[in-house]
Amino acid sequence: MPVNTKNRILPSEITPPEVYFNRRLFMQAGLVAGAGLALPAAADAIPAAHRRLGELRPSPFSTDEAPNTFEEISTYNNFYEFGTGKSDPVRLSHRFNPRPWSVRVDGECDKGGDITLEDLLAPHPLEERIYRLRCVEAWSMVVPWVGFPLGDLLKRFEPNSRAKYVAFETVYRPEEMPGQRARIIDWPYVEGLRMDEAMHPLTILAVGIYGVELPNQNGAPLRLVVPWKYGFKSIKSIVRISFVEEEPPTSWSLSAPREYGFYANVNPEVDHPRWSQARERRIGAGFFAGRQPTLMFNGYAEDVASLYAGMDLQRQF
Amino acid sequence: MRALKAAFFVLALLPGLLLLLRGSGLVSPGLGANPVELIQDTLGLWGLRLLLLTLCLSPLAWLLRRPWPVALRRMAGLFAFAYILLHFLVWALLDQALDWPAITEDIVERPFITIGVAAMLMLVPLAVTSTRGWQRRLGARRWLQLHRLVYPAAILGVWHYFWQVKADIREPLFYAVLLAALLLARLYHRRQARL
């Protein structure tokens with residue numbers, strides 16, 4: 001685990017988005033020069049509508065790898081509630097209104113109930129956590145999330161001794177989420193973690209990226225981020241958190257139990273039945289970059305491997 | 001007929017042209033955050049669509065009692081093959097970056113890739129013998145027999161697409177139903193012709 005917490009400067013402080021996007025323009029310019037064509041004038045920026053989140057603490061859990069651009073992170077999304085295409089969420093999430101928002105907390109805990117987003121967030125200082133994100137489809141990104149440890153929140157609800165798992169549920173609003181009007185999966189989307197996974201310091205609830213509030217297509221206003229698991233575990237737009245005794249159902253394992261398990265830990269040795277998980281395409285790496293090797297637990301093995309000691313990861317995938 | 005062929009040529013070229021324009025930044029949106037995937041998927045999808053279109057042309061000619069759809073058959077088939085070949089090349093060169101061990105492992109161990117490659121290989125002799133010269137050399141009967149390979153190729157192609165979709169099977173299902181209808185139409189037509 002990296003310990004250099006001092007002298008850390010957040011990427012969102014030192015590198016304004018315009019500069020991040022310059023890399024993109026530069027790449028486009030190269031492509032255009034190669035094709036012998038004129039350079040387009042369009043420049044990118046974080047749209048003004050995204051509210052800044054104020055002071056952020058750096059985190060020793062952040063990776064040193066260069067984050068993907070805001071544009072990459074906010075235009076290439078798997079969020080089937082808005083459609084199954086990668087560009088559907090950014091195109092079709094305008095009608096979604098994540099304010100006001102509240103979360104129902106129930107199940108095996110002493111202090112459950114409905115809690116507004118403001119009350120939920122109030123006691124938690126926000127941190128920037130730059131994590132690798134590995135999708136089950138064998139592509140990856142580096143995302144500068146803004147959030148706080150899920151465990152700090154869960155403790156406030158005083159889970160009892162029967163709370164062995166935490167279940168999460170995404171909002172169901174077919175009138176605002178066009179993807180939900182088709183029965184691609186059984187809405188609402190549900191996910192879950194074992195209690196020790198939920199309490200692990202790497203597990204966060206995110207409310208932003210790049211120092212601004214989460215765009216709708218990234219799971220506004222509140223989403224889970226579990227960096228050592230495939231992206232689909234990191235459930236978006238959460239409206240319900242339940243403490244439960246039995247392993248809760250999860251959407252993808254309900255939809256295709258042979259292909260997606262409850263744990264869904266990133267594991268280069270356990271292939272998806274239809275494709276290899278040994279390597280991944282890093283978004284933004286360029287046309288000729290090929291694929292890079294996938295790391296056990298997405299590179300977080302040192303921090304989380306002990307959670308699964310004694311388990312057969314080939315069977316409990 | 002000439003104008004029709006020219007129009008079809010331009011239309012069939014459009015999906016590829018559009019990729020080039022989007023890649024060069026002349027047309028918005030660009031190729032997005034994962035251009036290799038977008039190019040590969042677009043080429044494969046249009047290859048399959050054009051292959052199915054090729055199979056639609058003869059039944060269309062029977063239905064309309066007009067010869068013009070048949071006149072487009074060769075060009076449609078060759079365009080389908082070109083898109084499918086490019087789809088394969090983008091996969092091998094860009095997605096896999098010519099990592100031969102990974103490529104062979106995928107072809108051998110991933111059934112959806114195995115059948116995709118098989119479908120493409122079946123189309124190779126059809127593309128090669130698509131000229132009038134080869135039609136003459138093979139003779140009408142043998143040429144027709146050889147070109148029946150297009151049916152298993154189309155079945156494998158639809159299957160290949162079906163198999164790599166994650167949850168939303170509506171589009172591959174549509175192609176599967178269309179292909180089944182086309183095959184039934186052929187059987188029906190053959191029976192009618194024999195009677």
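FYI, side chains are in, hydrogens and waters are out, and symmetry mates aren't considered; it's all heavy atoms of this structure. Letters A, B, ... are given to chains in the order of the sequence lines, protein chains preceding strands, and every chain is numbered from 1.
- Counting heavy-atom pairs under 4.5 Å between each of Ala167(B), Gly30(B), Ser28(B), Pro111(B) and chain A puts Ala167(B) at the top.
- Within 6.0 Å of atom CZ in Arg181(A), more than 12 heavy atoms from other residues, nucleotides or ligands are found, so the atom counts as buried in its surroundings.
- Within 6.0 Å of atom CZ in Arg142(B), 12 or fewer heavy atoms from other residues, nucleotides or ligands are found, so the atom counts as exposed in its surroundings.
- Contacts of Asn77(A) with chain B are absent, with no heavy-atom separation under 4.5 Å from either backbone or side chain.
- Put simply, CZ on Phe288(A) and CG on Leu98(B) are 11.0 Å apart, with the number rounded to the nearest 0.5 Å.
- Chosen from Leu38(B), Asp41(B), Leu94(B), Ile39(B), the residue pairing most often with chain A at heavy-atom distances under 4.5 Å is Leu94(B).
- Smallest separation of non-hydrogen atoms from Ala97(B) and Gly290(A): CB-CA, 3.6 Å.
- The most heavy-atom pairs under 4.5 Å with chain B, out of Ala289(A), Ala278(A), Pro273(A), Ser276(A), come from Ser276(A).
- Taking 4.5 Å as the limit, some side-chain heavy atom of Asp95(B) sits within range of a side-chain heavy atom of Arg291(A).
- The neighbour count for Arg66(B) CZ, taken as heavy atoms of other residues, nucleotides or ligands under 6.0 Å away, does not exceed 12.
- Between atom CZ of residue Phe287(A) and atom CG of residue Leu31(B) there is a gap of 5.5 Å, rounded to the nearest 0.5 Å.
- Between atom CH2 of residue Trp275(A) and atom CG of residue Asp106(B) there is a gap of 12.0 Å, rounded to the nearest 0.5 Å.
- Atoms NZ and CD1, on Lys166(B) and Ile185(A) in that order, are 9.0 Å from each other to the nearest 0.5 Å.
- Only the side chain of Glu137(A) has a heavy atom closer than 4.5 Å to any heavy atom of chain B.
- Contact count against chain A (heavy-atom pairs under 4.5 Å) is highest for Val165(B) among Leu93(B), Ile169(B), Val165(B).
- Looking at Glu109(B), there are no atoms closer than 4.5 Å to chain A (heavy atoms on both sides), in backbone or side chain.
- No donor-acceptor distance shorter than 3.5 angstrom exists from the side chain of Arg170(B) to the backbone of Ile184(A), with no hydrogens or angles considered.
- Between Lys86(A) and Asn34(B), the closest side-chain pair of non-hydrogen atoms is not below 4.5 Å.
- Applying the 6.0 Å contact sphere to CH2 of Trp159(B) captures no more than 12 heavy atoms from other residues, nucleotides or ligands.
- Contact of Arg279(A) with chain B is made through the side chain alone, with heavy-atom distances under 4.5 Å.
- Side chain of Arg274(A) to main chain of Phe112(B): no donor-acceptor pair is present (N/O by atom type, distance under 3.5 Å, no hydrogens or angles).
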